[in-house]
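Single-structure report; data block below.
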Amino acid sequence: MRRNLTSRPAFTLVELLVVIAIIGILIALLLPAVQAAREAARRSQCNNNLKQIGLAVQNYIDACKKFPQCYLGNGTVGRSGICTGRSWMFAIMPYTEQAPLYNQTNYFLPLGGNSGAPANVNTAIAKTIVVDWMCP
């Protein structure tokens, strides 16, 4: 009752190619659904970021009893055309998750960023990109 080793049942090359083709078709059908889910996640993240900005403005209003000013500064513009003051987005930073960045600011130095101002701690802050305020 010995089995013959040369007559084992196995997949043929055609059967293997059919299975690979079916898997490829299934992946091609699922790819648009995955892309749609990613786009929905991006939209949801953008909506959440806008809601967080709105909540930060509302918290600022509750704390200061006024809207944040659109521009804080002496109205000077550097030689490169970059304003040296601070915007309303800077004013609401303590009410978002950016309070540590806000607390590093030295108000006795210009914000920097222009070619005429020497580099200081405010220059690094001015060049910081706040990802929470950008839509993906």
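- Thr96 places none of its side-chain heavy atoms less than 4.5 Å from the side chain of Gln52.
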Applying side-chain contact (heavy atoms from CB on, under 4.5 Å), run through Lys51 and Asn47 and close with a yes or a no. CA-CA 6 Å; Lys51 184 177 180 181; Asn47 287 338; over 6 Å; no
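- Pairs of residues two or more places apart, or lying in two chains, never qualify as salt bridge (charged side-chain N to carboxylate O under 4.0 Å, His left out) while including a residue from residues 92-104.
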Tell me which donor-acceptor pairs under 3.5 Å the side chains of residues 56-68 have, and how far apart each pair is, sequence neighbours excluded?
unit_1 : atom_1 : unit_2 : atom_2 : d
Gln58  : NE2    : Asp62  : OD1    : 3.4
Asn59  : ND2    : Leu55  : O      : 3.4
Lys65  : NZ     : Asp62  : O      : 3.0

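- With rounding to the nearest 0.5 angstrom, the CD1 atom of Ile53 is 5.5 Å from the CE atom of Met89.
- When every heavy atom of Met134 is checked against every heavy atom of Ile129, the shortest pair comes out as SD-CG2, 3.4 Å.
- A single hydrophobic cluster is seen to contain both Tyr95 and Val130, as judged by linkage of ILVMFWY side chains at heavy-atom distances under 4.5 Å, directly or through other members.
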Show me the donor-acceptor pairs, under 3.5 Å and distance only, between side chains in residues 12-39 and residues at least two apart or in other chains.
unit_1 : atom_1 : unit_2 : atom_2 : d
Thr12  : OG1    : Glu15  : N      : 3.3
Glu15  : OE1    : Thr12  : N      : 3.0

